[in-house]
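Note sheet for the following structure.
Atoms considered below: every heavy atom in the structure, side chains included; atoms not considered: hydrogens, waters and symmetry mates.
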Amino acid sequence: MQYIEWIVVAALALVTAITLTFAPPAAQRESLSLATVLGTATPTARPTAIPTSTPSPTPSFTGTQRVTATSQPLPSSTAAPALSQSPSSTPFPFDTRADLPRYIYVDQGTQHMYIFEHGELVRDIPCSTGLPDPDRYTPAWTGRVGEYWGTFYAFDVYADEAWYLYKSAGSILVHSLPYTWGNGYKVYQGWEHLGVRPFSHGCIRIAPKDAGWLTAWDPEGVLMTVTEPHRDKWQGILASQPTPEPE
């Protein structure tokens, strides 16, 4: 064998010995992946938990809540004529008192009660005031609405949602139409007079739905104006019409 060949054989033997000396055990070699050897392994991203949506609890209400009136009129009852108008900016021939947060004006000439907030009409309520007789007409008045009287009984009928206004021959109130009881139901009287003509003993009558709205609106302490009763006008009109005794 030539000298050069001996050198090659010796070099190969040396390389083999070094490789065997530093190589990892077989089990360790088997666990190495190609990606690790090549240096191309990519770290695995930590899984992110997807939050589960939790429904919000349904609000619950406990206790007794007082109903508060809003500026919007209540829907008209199908069992009764339309009782109110939508808020309007129509000018009126009187001061609507924009300087006050709330104001009530009863026009006995038209038999309407107007409810204002900061001078804007929020409810037009047909009413019926006292007959133009000397002892039953509704006197003109300006003052604050008094305390709540609720339901009362007078002249053989009941009335609900009564609010005290002032003293005349008797107590002047604003209240619902009068009624009697029949078969467990309230039988209201005087629907046809609301917004048409005076017909009471002196109080200001309004429809039951409007009376309920007024109570919820809570008029106590609100400034109220009741115009003069226009007795001559109503006496002339009623003289040509049969006038049944007021309920």
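Taking the side-chain hydrogen bond (donor to acceptor under 3.5 Å, both in side chains) definition, one finds that Glu220 meets it with nothing, sequence neighbours left out. Every side chain to side chain contact (heavy atoms under 4.5 Å, CB included) that Val145 has, sequence neighbours left out, goes to Ile104, Trp163, Leu165, Pro219, Met224. For Tyr188, the side-chain hydrogen bond (donor to acceptor under 3.5 Å, both in side chains) test picks out no residue, with sequence neighbours left out. The side chain to side chain contact (heavy atoms under 4.5 Å, CB included) check on Thr96 picks up Phe92, Phe94, Phe116, with sequence neighbours excluded. Not counting sequence neighbours, His118 has no partner by the side-chain hydrogen bond (donor to acceptor under 3.5 Å, both in side chains) test. Residues satisfying the salt bridge (charged side-chain N to carboxylate O under 4.0 Å, His left out) criterion with Asp135, sequence neighbours excluded, are absent altogether. In this structure Tyr153 satisfies the ring-ring contact (aromatic ring centres under 6.0 Å, His included) test together with Tyr158, sequence neighbours excluded. Partners of Glu161 under the side-chain hydrogen bond (donor to acceptor under 3.5 Å, both in side chains) rule, at least two apart in sequence or in another chain, are Tyr148, Thr215. With sequence neighbours left out, Asp99 forms a salt bridge (charged side-chain N to carboxylate O under 4.0 Å, His left out) with Arg97.
For the pair Arg197 and Trp234, the cation does not sit on the ring face, since its NZ or CZ is not both under 6.0 Å from the ring centre and inside 45° of the axis. A cation-pi arrangement, defined by a distance under 6.0 Å to the six-membered ring centre and an angle within 45 degrees of its axis, is absent between Arg123 and Trp217.
At least one side-chain heavy atom of Phe155 sits less than 4.5 Å from a side-chain heavy atom of His201. Here the side chains of Trp213 and Ile115 are in contact, with some heavy-atom distance below 4.5 Å. At a threshold of 4.5 Å between non-hydrogen side-chain atoms, the residues Pro126 and Asp210 count as touching. Taking 4.5 Å as the limit, some side-chain heavy atom of Leu177 sits within range of a side-chain heavy atom of Pro208. Within the 4.5 Å cutoff, no side-chain heavy atoms of His175 are placed close to those of Thr151. With contacts defined as side-chain heavy-atom distances shorter than 4.5 Å, the pair Thr142/Leu223 qualifies.
Other members of the hydrophobic cluster containing Trp149, listed by chain and number, are Phe152, Tyr164, Leu173; membership follows side-chain contacts under 4.5 Å among ILVMFWY residues, whether direct or relayed. Listed by chain and number, the hydrophobic cluster partners of Tyr137 come to none, as no ILVMFWY side chain reaches under 4.5 Å of it.
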When you look at Val106 and Thr225, which way does the side-chain contact (heavy atoms from CB on, under 4.5 Å) test go after all the steps? CA-CA 6 Å; Val106 178; Thr225 295; over 6 Å; no
Derivation of the side-chain contact (heavy atoms from CB on, under 4.5 Å) call for Leu131 and Leu238: CA-CA 9 Å; Leu131 284 165; Leu238 300 180; 4.1 Å; yes
Could you walk me through whether Ile204 and Met113 pass side-chain contact (heavy atoms from CB on, under 4.5 Å), step by step? CA-CA 9 Å; Ile204 301 170; Met113 175 188 292; 3.9 Å; yes
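Tyr166 and Ser171 are not linked by any side-chain donor-acceptor pair at a separation below 3.5 angstrom, with hydrogens and angles left out of the test. Side-chain polar atoms of Thr227 and Gln108 form no donor-acceptor pair below 3.5 angstrom.
A side-chain donor-acceptor contact under 3.5 Å links Ser128 to the backbone of Phe199. In this structure, the side chain of Ser168 does not engage the main chain of Gly170 through any donor-acceptor pair within 3.5 Å. Proximity of a side-chain donor or acceptor of Glu117 to a complementary backbone N or O of Val122 within less than 3.5 Å is not detected. No side-chain donor-acceptor contact under 3.5 Å links Thr129 to the backbone of Thr138.
Ring orientation note: the planes of Tyr179 and Trp181 are nearly perpendicular, at an angle over 60° on the 30°/60° scale.
Residues Thr180 and Asp156 share a closest heavy-atom pair of CG2-O, 4.0 Å. Closest of all the heavy-atom pairs between Tyr185 and Asn183 is CD1-O, 3.1 Å.
Partner Arg205 forms a side-chain contact (heavy atoms from CB on, under 4.5 Å) with one of Pro178, Pro198, Ser176 and no other, that one being Pro178.
Legend: salt bridge (Lys or Arg N to Asp or Glu O under 4.0 Å) pairs involving residues 167-191, not counting sequence neighbours, sorted by first then second residue: Asp160-Lys186.
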